[in-house]
S.K.: 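Can you keep this structure in mind? I'll have questions shortly.
First listed ligand is number 1; within each ligand, the first listed atom is number 1. These figures come from a predicted structure and were not determined experimentally.
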Amino acid sequence: MSKPPSQKLLRGRVLDFNAEPQDATDTSAYTYLTDGAILIEGGRIADVGTFADVAQRAPAAEIVDHRPNLLMAGFIDTHVHFPQVQVIASWGAQLLDWLNTYTFPEETRFAEVAHAEAMASKFYDLLTAHGTTTAVAYCSVHKESAEAFFGEAARRNMCMIGGKVMMDRNAPDGLRDTPQTGYDDSKDLIAKWHGKGRAHYAITPRFAITSTPEQLEMTGALVAEHADCFVQTHLSENHDEIAFTAELYPDAPDYLGVYETYGLLTPKMLLGHSIHLTPREIDLLAQTRAKPVFCPTSNLFLGSGLFDDAGLRGKGICNAIATDIGAGTSYSMLQTLNEGYKILQLQGQKLHPLRAFHWITRGNAVALGLEDKIGTLAAGSDADIVVLDARATPASALRMERAETLSEELFILQMLGDDRAVSEVYVAGVSAKTETQTHDRLALTA
Ligand code: GUN
Ligand code: FE
């Protein structure tokens with residue numbers, strides 16, 4: 001008789017969303033089990049329910065007791081720059097100067113395979129430590145950087161979305177492709193990686209300023225030829241950027257109109273920032289179902305502006321949320337929510353913790369159209385799970401003494417949490433955070 005596949009049963013408090021909570025009292029949007037369990041088998045979630053029920057249905061499962069911590073779906077970061085891990089915290093500039101002074105010189109280093117591979121490994125260690133199990137990433141212009149990005153994700157069995165950036169002007173030597181090489185390299189990468197294991201490809205024109213009309217034309221061809229790939233770029237982040245774009249594309253009605261002209265707007269398109277929008281652009285986003293991506297720590301760091309979440313949502317637009325490392329200042333989606341909360345406060349808008357935690361899990365998965373695989377704990381989903389400890393630091397432990405409800409606990413995590421609040425992470429059912437830490441300790445003592 002063949003041995004049954006091994007089963008792991010995680011015990012703890014379980015929180016899982018099935019819809020976006022409309023307000024603080026919307027208990028129909030989620031399930032919260034004070035003594036819950038998640039059964040993992042073959043990298044997927046096989047069962048979820050109360051511990052008593054699930055344990056009875058799977059008597060042979062190995063039990064991992066995470067009580068009193070909170071189990072939820074792994075976090076999803078929908079906009080991050082993998083070659084900017086050593087750009088984060090670079091002083092003093094706003095967008096265009098920041099790109100020219102710090103970011104472009106740093107990204108030239110990713111032409112070197114060994115460097116790209118070393119940074120990919122650090123990048124995934126950091127994401128994992130912060131509870132992020134899926135990210136949508138920009139690689140550098142070099143095909144090699146995308147190879148390193150996808151290769152390392154495959155070794156770790158992580159669900160990753162990314163693409164090499166296409167950029168053929170307004171960038172230094174060593175950081176430009178051509179319309180033809182950008183097209184060819186993207187095409188090769190799609191053939192090699194898209195749909196392999198847990199990988200998805202994102203066709204990635206960096207932004208209008210760094211692409212000629214010829215390159216955007218060929219990008220449109222790629223999008224038409226690969227309708228199942230994601231598309232990502234930047235939109236209306238900064239006033240000088242918008243003015244320069246208008247100079248470069250004088251015939252376009254507005255910034256989004258540039259991407260519209262070349263046929264890039266689809267429901268699979270992610271538009272980083274989308275801060276300073278005209279009414280026409282907002283209507284076009286609603287019509288095409290392209291997704292704005294809110295990057296709070298980055299928008300504050302670069303002084304870019306305040307994302308109008310309520311205004312866009314009011315038009316029926318589905319917004320994603322992200323770190324935007326390395327203009328973003330934290331890998332933590334919890335810290336991203338913290339700064340997001342404050343940006344909305346400045347505009348008289350609210351971010352309730354239930355909606356906040358929905359956003360960084362199922363909400364971002366819905367924006368990606370991947371909610372049947374990631375972002376929830378539904379049976380059949382990939383077993384990407386975070387274990388959260390709201391008492392991980394002295395300050396949060398002290399605050400937790402006065403917390404009485406789930407919402408209060410979530411808000412404490414949202415405002416005070418970071419990687420220290422992430423006590424364990426499972427990637428496709430395998431514990432990944434403590435393994436990484438053990439690995440680091442071994443490396444230090446070697
Ligand atoms: N616009 C074009 N490239 C970038 C980038 O790398 N970061 C940010 N924040 N905005 C951009
Ligand atoms: Fe960005």
Side-chain angles (χ1 to χ4, degrees), residues 77-110 119 123 135-142 145 149 161-172 175-177 182 202-212 215-216 219 230-245 248-249 255-256 258-259 264 269-276 291-307 319-331 336 339 343:
D77 184 352
T78 53
H79 181 124
V80 56
H81 296 261
F82 142 63
Q84 295 177 17
V85 286
Q86 293 183 307
V87 172
I88 186 171
S90 292
W91 185 83
Q94 295 213 350
L95 177 64
L96 298 180
D97 288 336
W98 175 84
L99 285 169
N100 288 320
T101 310
Y102 300 112
T103 307
F104 288 165
E106 181 65 22
E107 290 194 11
T108 61
R109 301 177 71 207
F110 285 72
M119 290 301 124
F123 177 67
V136 189
Y138 289 64
C139 302
S140 71
V141 74
H142 317 97
S145 74
F149 172 83
I161 302 166
K164 86 157 216 99
V165 294
M166 291 181 281
M167 49 195 293
D168 69 340
R169 67 167 161 182
N170 291 317
L175 206 64
R176 291 188 306 271
D177 53 11
I203 297 165
T204 309
R206 184 175 203 125
F207 66 157
I209 289 175
T210 46
S211 285
T212 59
Q215 177 155 74
L216 290 188
T219 305
F230 292 93
V231 191
Q232 60 178 347
T233 190
H234 295 83
L235 175 71
S236 297
E237 176 176 4
N238 165 290
H239 292 298
D240 292 342
E241 171 209 19
I242 296 167
F244 192 15
T245 301
L248 293 170
Y249 289 94
Y255 196 159
L256 189 61
V258 175
Y259 302 137
L264 308 188
M269 185 176 211
L270 301 164
L271 293 147
H273 309 293
S274 301
I275 299 170
H276 311 286
K291 311 291 190 300
V293 183
F294 179 24
C295 305
T297 68
S298 167
N299 296 163
L300 293 174
F301 180 74
L302 291 179
S304 300
L306 307 179
F307 181 87
N319 301 325
I321 185 166
T323 63
D324 192 32
I325 294 293
T329 52
S330 174
Y331 288 88
T336 299
E339 301 299 320
I343 287 179

S.K.: Does any donor atom in the side chain of Thr212 or Asp168 lie under 3.5 Å from an acceptor atom in the other side chain?
M.R.: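 Per modelled atom types, Thr212 and Asp168 side chains form a pair under 3.5 Å.
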S.K.: Around the Fe ion (ligand 2), what protein N, O or S atoms are found below 2.8 Å?
M.R.: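 The answer, once waters are left aside, is His79 NE2, His81 NE2, His234 NE2, Asp324 OD1.
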S.K.: Do me a favour and list the nearest non-hydrogen protein atom to atom 3 (N) of ligand 1 with residue, atom name and distance?
M.R.: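 Result: Arg206 NE, 2.8 Å.
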S.K.: Angle class for the His234/Tyr138 ring planes (parallel below 30°, perpendicular above 60°, tilted otherwise)?
M.R.: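 Tilted: the ring planes of His234 and Tyr138 meet at 30° to 60°.
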S.K.: Would you tell me whether Tyr259 and Thr233 have side-chain atoms, one donor and one acceptor, within less than 3.5 Å of each other?
M.R.: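 Their side chains do contain a donor-acceptor pair, which is all the 3.5 Å distance test asks for.
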S.K.: Could you tell me if Asn238 and His273 have a donor-acceptor pair between their side chains, going purely by distance under 3.5 Å?
M.R.: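 Checked: His273/Asn238 side chains show no N/O donor-acceptor pair below 3.5 Å.
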S.K.: Can you run down the salt bridge (Lys or Arg N to Asp or Glu O under 4.0 Å) pairs that involve residues 81-103, sequence neighbours left out, and say none if there aren't any?
M.R.: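 The answer is none; no pair qualifies.
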S.K.: Applying a 4.0 Å heavy-atom criterion (strictly less than), which segment of Thr210 is in contact with ligand 1: side chain, backbone, both, or neither?
M.R.: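 The answer is neither; Thr210 stays 4.0 Å or more away.
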S.K.: Answer yes if the side chains of Gln86 and Arg109 hold a donor-acceptor pair under 3.5 Å, and no otherwise.
M.R.: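 There is such a pair (donor and acceptor under 3.5 Å, judged by atom type) between the side chains of Gln86 and Arg109.
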S.K.: Give the atom numbers and elements of ligand 1 that come within less than 4.0 Å of a heavy atom of Leu95.
M.R.: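 That gives atoms 8 (C), 10 (N), 11 (C) of ligand 1.
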S.K.: Measuring from atom OH of Tyr255 to atom CD of Glu241, what distance do you get when rounded to the nearest 0.5 angstrom?
M.R.: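 If we round to the nearest 0.5 Å, Tyr255:OH and Glu241:CD are 3.5 Å apart.
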S.K.: Do Glu107 and Gln84 come within less than 4.5 Å of each other through their side chains, counting heavy atoms only?
M.R.: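 Yes. Closest side-chain heavy atoms under 4.5 Å.
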S.K.: Check the pair Asn299, Glu339 against side chain to side chain donor-acceptor pair (under 3.5 Å), reporting the backbone distance first and the verdict last.
M.R.: CA-CA 9 Å; Asn299 296 163; Glu339 301 299 320; over 6 Å; no
S.K.: Name the closest protein heavy atom to atom 10 (N) of ligand 1, giving the residue it belongs to and the distance to 0.1 Å.
M.R.: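 For atom 10 (N) of ligand 1, the nearest protein heavy atom comes out as Glu237 OE1, 2.7 Å.
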S.K.: For Trp98, is the nearest heavy atom under 4.0 Å from an atom of ligand 1?
M.R.: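 Judged by the 4.0 Å heavy-atom criterion, Trp98 does count as contacting ligand 1.
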S.K.: Which is it for Asp324 and ligand 1 at heavy atoms under 4.0 Å: side chain, backbone, both or neither?
M.R.: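 Just the side chain.
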S.K.: Can you tell me how far NZ of Lys164 sits from CG of Asp177, rounded to the nearest 0.5 angstrom?
M.R.: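 If we round to the nearest 0.5 Å, Asp177:CG and Lys164:NZ are 3.5 Å apart.
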S.K.: Before signing off on this row, confirm whether Gln84 and ligand 1 have an N or O atom pair separated by under 3.5 Å.
M.R.: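 So ligand 1 has an N or O lying under 3.5 Å from an N or O of Gln84.
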S.K.: Give the atom numbers and elements of ligand 1 that come within less than 4.0 Å of a heavy atom of Ala327.
M.R.: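 The atoms of ligand 1 under 4.0 Å from a heavy atom of Ala327 are 9 (N).
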S.K.: Answer with yes or no whether His273 contacts ligand 1, where contact means a heavy atom under 4.0 Å from a ligand atom.
M.R.: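 A heavy atom of His273 does come that close to ligand 1.
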